[in-house]
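Position 1 is the first residue of the sequence; numbering continues from there.
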Amino acid sequence: MSTTLPRGIKSILTKSPTDTVILSSIRTPITRAYKGGLKDSYPEQLLSTVLRATATPTRDVVEDVCVGVVLSELGGSKASRMALNHAGYNTDTTSLYTVNRACSSSLQGVANISAQIRTGMIGVGIAAGMESMTRNYGSRAVPVDLWPALKESGEADVRDCIMPMGLTSENVAERYGVSRKDQDAFAVVSHQRAAKAREEGRFEGEIVPVDTVFQPVDKKGNPTGEEIRNITVTRDDGIRADVSLEALAKLKPAFKENGTSTAGNSSQVSDGAAATLLMSRSKAEELGLSGRIMGKFVSAVSVGCKPDEMGIGPALAIPALLEKLGLGIGDVQRWEINEAFASQAVYCLRALGLEKEWSEGKVNPDGGAIALGHPLGATGARMVATLMHGLGRSGGEVGVVSMCVGTGMGMAGLFVRE
């Protein structure tokens, strides 16, 4: 198997038997933690749902599964394996492991599975992600039993790895001049685009319905006393179609007195899962599945940055990715850049020179995490699903997925739609 990466747009668009191709990329609805339709679901339940939907007709040939997960107990490894078995995969031939690179975990899963395919370790694999922030966000993703020498370190870059994410957002806003007005305006557009995409049915091809139970709650998330009922969740429920600048301007700072990051211009705490099926092009041809190829994964990079401004990660990772592949901004038709906070998303657009592309709807054209939500371990795979289906609708060929990563990193991956 070849491990040499293509360089230049012509080479990247050329089909090769060694390509890592994508045959399926799906997700559950993304719903609000504590109040949304999946709040009473388990992360492994959501994972099992997308794995079962991915299985046909390749269940018996999947050799390995990599699940991105951030918050689950024991790294989610045992629960994920149980979910895989529950979904009907062959326990004698299909293995599984989990990976945690914080917000980019399931994009890392795509890169891992692709590397296994390219080096001949496997022929077919699934990159997935799962998260229930309802169930597992009690510590706010900060370790509760940590070596004191790290917490009390004299090195700021050590201590700042556990800085609350909201404060890193405030740092980006202050250091790079992103105003409250700019953040709120960005958030409004995210909701407007997501609402339009949902209304027009753009998400239907990527969403797998989830059968689950639901305990009705009031606006504060407290049980109303109504009976638990069986429901089928089919749509993202964090999108606010009627959001306005005036409404967002009334919200108080969420993380710092006199700050600019609020609950309205930050990503939502969410529940969800996603999965992408990958194999070599030659394997797809061997299995008679060439007609199901959606596109291919080309490459990804991860980079480091200061932990206290982790949100700038995409502004560093994307240029590194494009340089490695010999591409420019103009070679990319669609960008999915995670909206952890409006502050860092706006900064990244400016730093990357993508403000025009944003206004033209080439960056997050169907909204992003501010409107859709950010279920940490599942976000990367969710973004891949949105990218691949979106490129299919628009006729674009090249797309990029990128996000900032807690503790000070950025990651970016490049995909081609066929």
Side-chain angles (χ1 to χ4, degrees), residues 1-2 6 12-28 47-67 84 87-90 93-94 96 106-107 109-118 120-129 201-209 273-300 333-334 336 366 378 380-399 401 413-418:
M1 302 294 288
S2 172
I12 284 168
L13 294 178
T14 299
K15 297 178 181 179
S16 166
T18 60
D19 290 336
T20 301
V21 296
I22 296 170
L23 278 78
S24 170
S25 195
I26 57 175
R27 64 178 179 92
T28 67
L47 175 64
S48 185
T49 299
V50 292
L51 290 178
R52 189 179 297 274
T54 300
T56 305
T58 56
R59 180 180 301 166
D60 293 336
V61 298
V62 173
E63 295 168 79
D64 207 2
V65 178
C66 180
V67 181
L84 178 74
Y89 287 76
N90 190 330
T93 58
T94 306
L96 178 144
S106 48
L107 178 58
V110 172
N112 284 8
I113 290 294
S114 175
Q116 290 174 256
I117 291 170
R118 285 175 173 164
M121 292 178 65
I122 62 173
V124 182
I126 296 173
R202 292 186 219 160
F203 297 131
E204 291 177 4
E206 66 193 64
I207 288 180
V208 176
T276 295
L277 174 65
L278 304 113
M279 62 184 71
S280 65
R281 189 182 298 278
S282 60
K283 188 68 173 181
E285 293 173 353
E286 175 189 326
L287 296 172
L289 298 173
S290 297
R292 289 188 56 188
I293 293 175
M294 299 177 70
K296 64 182 179 181
F297 168 72
V298 180
S299 186
Q333 286 81 54
R334 180 171 174 134
E336 293 289 336
D366 298 326
R382 191 285 297 171
M383 295 172 72
V384 172
T386 301
L387 176 78
M388 296 305 294
H389 287 271
L391 284 172
R393 290 191 303 272
S394 67
E397 290 181 297
V398 180
V401 167
L414 191 122
F415 299 78
V416 171
R417 174 76 198 209
E418 298 178 4

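The minimum heavy-atom distance between V50 and A273, with the atom names listed, is CG1-O, 4.0 Å. Heavy-atom minimum distance, C66 versus G109: SG-CA, 3.6 Å. Across all non-hydrogen atoms, the minimal contact from G413 to L107 is N-CD2, 4.0 Å. Across all non-hydrogen atoms, the minimal contact from E397 to Q333 is N-OE1, 3.0 Å. A381 approaches A274 most closely through the heavy-atom pair CB-CB, 3.5 Å. Across all their heavy atoms, G125 and I117 have their closest contact at N-CD1, 4.4 Å.
Residues passing the salt bridge (charged side-chain N to carboxylate O under 4.0 Å, His left out) test with R417, sequence neighbours excluded: none. Legend: residues meeting side-chain contact (heavy atoms from CB on, under 4.5 Å) with A127, ordered by chain and number and at least two apart, are V110, I113, L278. Under the rule for a side-chain contact (heavy atoms from CB on, under 4.5 Å), the partners of S16 that lie at least two apart in sequence or sit in another chain are T18, D19. For E286, the salt bridge (charged side-chain N to carboxylate O under 4.0 Å, His left out) partners two or more places apart in sequence, or in a different chain, are K283. Scored by the side-chain hydrogen bond (donor to acceptor under 3.5 Å, both in side chains) test, E285 finds no partners at all (sequence neighbours excluded). Under the side-chain hydrogen bond (donor to acceptor under 3.5 Å, both in side chains) criterion, E63 pairs with no residue at all, not counting sequence neighbours. For S114, the side-chain contact (heavy atoms from CB on, under 4.5 Å) partners two or more places apart in sequence, or in a different chain, are T20, R118, F297. In this structure T28 satisfies the side-chain hydrogen bond (donor to acceptor under 3.5 Å, both in side chains) test with no other residue, sequence neighbours excluded. Partners of S299 according to the side-chain hydrogen bond (donor to acceptor under 3.5 Å, both in side chains) rule, which considers only residues two or more places apart in sequence or in another chain, are K324. For R382, there are no salt bridge (charged side-chain N to carboxylate O under 4.0 Å, His left out) partners, not counting sequence neighbours. Residues meeting the salt bridge (charged side-chain N to carboxylate O under 4.0 Å, His left out) test with E206, sequence neighbours left out: R27.
Looking at heavy atoms from C-beta onward, L13 lies in side-chain contact with V398 at the 4.5 angstrom threshold. Contact check for M294 versus H389: side-chain heavy atoms found under the 4.5 Å cut-off. Side-chain contact between V67 and L84 is absent, with no heavy atoms from C-beta onward closer than 4.5 Å. By the 4.5 Å heavy-atom criterion applied to side chains, V124 and L277 are counted as neighbours. Looking at V21 and M279, their side chains come closer than 4.5 Å, going by heavy atoms from C-beta outward.
Looking at Y89, its side chain does come within 3.5 Å of a backbone N or O of L51 through a donor-acceptor pair. Using a distance-only test at 3.5 Å, with no hydrogens or angles considered, a donor-acceptor pair links the side chain of R393 to the main chain of R202.
Taking OG1 of T386 as the reference point, atom CZ of R334 lies at 7.0 Å (rounded to 0.5 Å). Put simply, CZ on R292 and OG on S24 are 6.5 Å apart, with the number rounded to the nearest 0.5 Å. For the atom pair CD1 of I293 and CG of L23, the computed distance is 5.5 Å after rounding to the nearest 0.5 Å.
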